[in-house]
Amino acid sequence: MKATVLAHPNIALVKYWGKRDDALILPHQSSLSLTLSPLSVTTTVEFGVPTDAVELNGHVAKGSERERVLRLLESVRAQAGDKSLGPAKVVSRGDFPMAAGLASSAAGFAALAVAGRAAAGLPRDTKAESILARLGSGSACRSVQGGFCEWQRGERPDGDDSFAVQRFDAAHWPELRMVVAILDRGEKDVKSRDGMKQAVETSPYYAAWVKDAEAEVPRAREHIARRDLQALGELCERNAWRMHSTSLAAEPPLCYLNAATVGLIHHLREHRKKGVPVWFTLDAGPNPVLLTDAANEVAAEALARACGALDVIRCVPGGDATLKSEH
Ligand code: DP6
């Protein structure tokens with residue numbers, strides 16, 4: 001009735017930006033990401049306790065955070081078909097700063113989905129786990145498995161065909177590096193959930209974003225298959241620019257970049273002209289993630305620090321969410 005699971009965060013190379021169904025968290029377009037090691041979140045779920053209790057990073061979760069966790073566990077109970085599971089205790093802890101801009105919620109909800117099913121006595125099933133994780137946070141459906149995962153948008157209104165599948169495991173491209181440049185430790189002004197809603201509802205470019213991102217997913221897959229860093233780097237950058245352009249065109253405009261972000265991007269371009277293979281991607285915040293290879297990760301870190309990075313986290317392709325213990 002108790003299980004502990006470790007999961008890694010992921011960084012989208014082709015971003016998810018906008019929902020067609022807010023309640024079920026169904027996206028308008030497919031996306032593709034890389035799972036990142038060594039960052040991780042460990043989550044324990046125990047059923048059969050006196051009352052529901054949710055603890056995230058040492059704090060009692062409240063409001064919508066708590067609701068999202070409890071809603072996911074309600075789906076676990078439905079899947080188990082077992083009303084006698086009773087209330088649940090959830091304890092979740094990440095080993096990386098929340099302010100890193102990397103959504104720890106992706107790793108957290110992936111770990112919760114896998115631990116929840118295991119604690120309910122259900123067998124491992126990556127599709128069912130990915131769908132469950134998606135109910136917590138969209139990007140979490142891509143953290144159930146390691147390596148390169150593709151969240152297929154699906155067509156069904158019930159979301160049963162909207163989940164992530166692994167295209168290549170972490171061993172496919174071990175030299176690939178993602179270097180997180182923390183330029184700003186502050187909380188972002190507009191959360192992804194609100195920002196993407198604003199873009200869907202008000203950006204005149206939104207339909208173009210959806211069409212373009214959907215078409216980039218198979219291209220990204222081909223570049224990854226060939227381990228073509230330059231082609232993947234260029235694709236990653238243009239996809240990030242297009243997500244941010246769509247958002248800048250929203251009403252009111254959404255600008256996630258700050259001066260340091262723009263400074264780093266210019267600096268990175270200069271480096272590239274000098275032959276350093278480094279590209280960037282940027283989620284809904286000011287902290288870029290640099291894409292490079294093992295031979296250039298030290299140069300990428302130095303570049304980030306020269307541009308004012310307060311901290312730098314060097315990541316490699318990460319593995320699947322793993323069950324640590326089960327009682
Ligand atoms: C920019 O998955 O955090 O990081 O589904 O509302 O919980 P919700 O949003 P979330 O959004 C992630 C947006 C992104 C791009 C991505 O990870 O694909």
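Sequential numbering from 1 along the given sequence is applied to the chain's residues. All heavy atoms count here, side chains included; hydrogens, waters and symmetry mates do not. First listed ligand is number 1; within each ligand, the first listed atom is number 1.
Contact annotation for R68 and ligand 1: only side-chain heavy atoms (C-beta onward) come within less than 4.0 Å of the ligand. Contacts between S192 and ligand 1 below 4.0 angstrom, taking non-hydrogen atoms only, involve the side chain exclusively. Contacts between S137 and ligand 1 below 4.0 angstrom, taking non-hydrogen atoms only, involve backbone and side chain alike.
In this structure, a donor-acceptor pair under 3.5 Å is present between the side chains of S247 and W17.
The closest heavy-atom contact to atom 17 (O) of ligand 1, among the options R142, R134, K15, comes from R142. When M243, H244, M196 are checked for heavy-atom proximity to atom 9 (O) of ligand 1, M196 turns out nearest.
Side-chain contact between D320 and Q145: present, with at least one pair of heavy atoms (C-beta onward) separated by less than 4.5 Å.
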Show your working on salt bridge (Lys or Arg N to Asp or Glu O under 4.0 Å) between R305 and E301 and close with a plain yes or no.
-> CA-CA 6 Å; R305 293 207 184 269; E301 170 163 357; 2.9 Å; yes

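Listed by number with element, the atoms of ligand 1 under 4.0 angstrom from any heavy atom of S139 are 2 (O), 3 (O), 10 (P), 17 (O). The ligand atoms of ligand 1 that sit less than 4.0 angstrom from a heavy atom of A284 are 1 (C). Counting atoms of ligand 1 from 1 in the listed order, those under 4.0 Å from a heavy atom of W17 are 1 (C). The contact set between ligand 1 and A12, taken as ligand atoms under 4.0 Å from a residue heavy atom, comprises 16 (C), 17 (O), 18 (O). In summary, the atoms of ligand 1 found under 4.0 Å from a heavy atom of K19, numbered by their order in the structure, are 5 (O), 6 (O), 8 (P). Of all the atoms in ligand 1, the ones that sit under 4.0 Å from a non-hydrogen atom of I25 are 5 (O). Numbered from 1 in the order shown, with element, the atoms of ligand 1 that lie under 4.0 Å from a heavy atom of G138 read 2 (O), 5 (O), 7 (O), 8 (P).
Taking the ring centroids of W173 and F168, they lie at or beyond the 6.0 Å cut-off.
Listed by chain and residue number, V190, K191 satisfy the side-chain contact (heavy atoms from CB on, under 4.5 Å) test with D194 (two or more places apart in sequence, or in another chain).
The CG atom of L135 sits 8.5 Å away from the CD1 atom of I131 when rounded to the nearest 0.5 Å.
Residue-environment remark: NZ (K89) stays at or below the threshold of 12 foreign heavy atoms within 6.0 Å.
Taking any N or O of Y16, backbone or side chain, at least one lies under 3.5 Å from an N or O belonging to ligand 1.
In summary, E175 and R227 do not engage in a salt bridge, as defined by a charged side-chain N under 4.0 Å from a carboxylate O. A salt bridge links R153 and E155; the closest N-O separation between the charged side-chain nitrogens and carboxylate oxygens is under 4.0 Å.
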